[in-house]
Amino acid sequence: MLYLCRMKLTLKIKLLPDISQRELLIETIKEANNACNCISNIAWQHQVFNQFKLHRECYYYIKSISKLSAQMIVRCISKVSDSYKIDKKVKREFRLLGGITYDNRILTYKPNDMVSIWTIEGRTKMPFVCHNRNYLPYIKGEADLVFKNDKFYLFQTVEVPEEDIKNIEEFIGVDLGLVSIATLSNGKEFNSKELQNYREKRQKVRSSLQSKCTKNAKRVLKRLSGRERTHGTIINHSISKQIVKLAKSEGKGIAIEDLTGIRFSANKKGKKFRTRVGKWSFDQLRQFLAYKCLLNGVKLICVPPAYTSKTCNCCFHIGNRRGKKFTCSNCNSVFDADVNAAKNIALLGMSINHPEKPSMLYSVMHYA
Ligand SMILES: [Zn+2]
């Protein structure tokens, strides 16, 4: 069977305009948002929200009062019409420097990382940087031009064909959370002591700032939380990349737990533990794993989390977990608790992948 699936991703592209281009981009964004507010007024007055009807109602008027090109007006009408899709109870207003939408008739990518973008004074060419260059050939559809923190970004839609996912037998189990961020069934751990220390230190800074409650303290707090997110995002990217690379090179799939239980078990361990693990973005790590798996043709299976940390991966009896150690009173095995859980997750992945050959563990979980 061969069918090609396509996956939509959003590519973040940073524009590098010179000083005069910067001004042009800002003026273009303002002009477009002004037009959107005009269009919204007309839509609201006439109670017309359908894109085609709204076009008939306002196109020539907007053309006569603004510097926008025909295609940019079409995009603005579409944006206003879309904004009323949620509800038609409140008149929409647009921020003067809010993002505006481009399509391939007003934005084109050129060789050598250059982009040709429409402005109120016609098209202009400028360089860009993009950290995911391998997605550039898949650019398709619309892009949002966003002015943020004094910089210009294009959030460009790309459609990436998913590689054909092969039939595989074996899985790498990934145990998330608790002690390490991720532990694999082959024993490899992704630990981030450095990150933990960093977070604990931040927590102290944050507590002292929170007690101050001044405007400046609030500003610093906001900046800190942004910085931590970026730091965590880099680590999640790195971990997911390494796991997917390993699975691909060994021709295995990846099995991962359903994560709903993580925060709950973190709560039991007290405040210090929460600081260390509870705030980690496992959802993000899972998302990164999922899309990197898709892009690399690696199969990803989610398994139910119950029993994976309580069951012995050798004899499938319920054992005891104490801290880092798992001991089985049936076969007297002693394992690293996270590795034991990861091995169970791998076995479960295999059972779910081949339901006609269920493992013992799968039966235990189903009938327990
Ligand atoms: Zn055992």
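Values in this document were obtained by computation on a predicted structure and should not be read as measured data. Remember, it's 1-based here, ligands and their atoms both numbered in the order they're listed. The basis for the numbers below is simple: all heavy atoms, side chains too, and nothing from hydrogens, waters or symmetry mates.
The nearest N, O or S atom of His317 is not closer to the Zn ion (ligand 1) than 2.8 Å. Counting backbone and side-chain atoms alike, Cys315 contributes an N/O/S atom closer than 2.8 Å to the Zn ion (ligand 1).
For the pair Phe94 and Asn33, the tightest heavy-atom approach, listed with the atom from each and the gap, is CB-OD1, 3.9 Å. Between Gly173 and Ile345, the shortest heavy-atom contact is CA-CG2, 4.1 Å.
Here the angle centred on the Zn ion (ligand 1), running from SG of Cys312 over to SG of Cys328, is 110°, rounded to 10°.
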| message | Test side-chain contact (heavy atoms from CB on, under 4.5 Å) on Arg123 and Thr108; report intermediate values, then the result. | response | CA-CA 10 Å; Arg123 274 186 179 251; Thr108 31; 2.9 Å; yes
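Using a 4.5 Å cut-off between side-chain heavy atoms of Ile, Leu, Val, Met, Phe, Trp and Tyr, with links allowed through other members, Ile139 and Val146 fall into different hydrophobic clusters.
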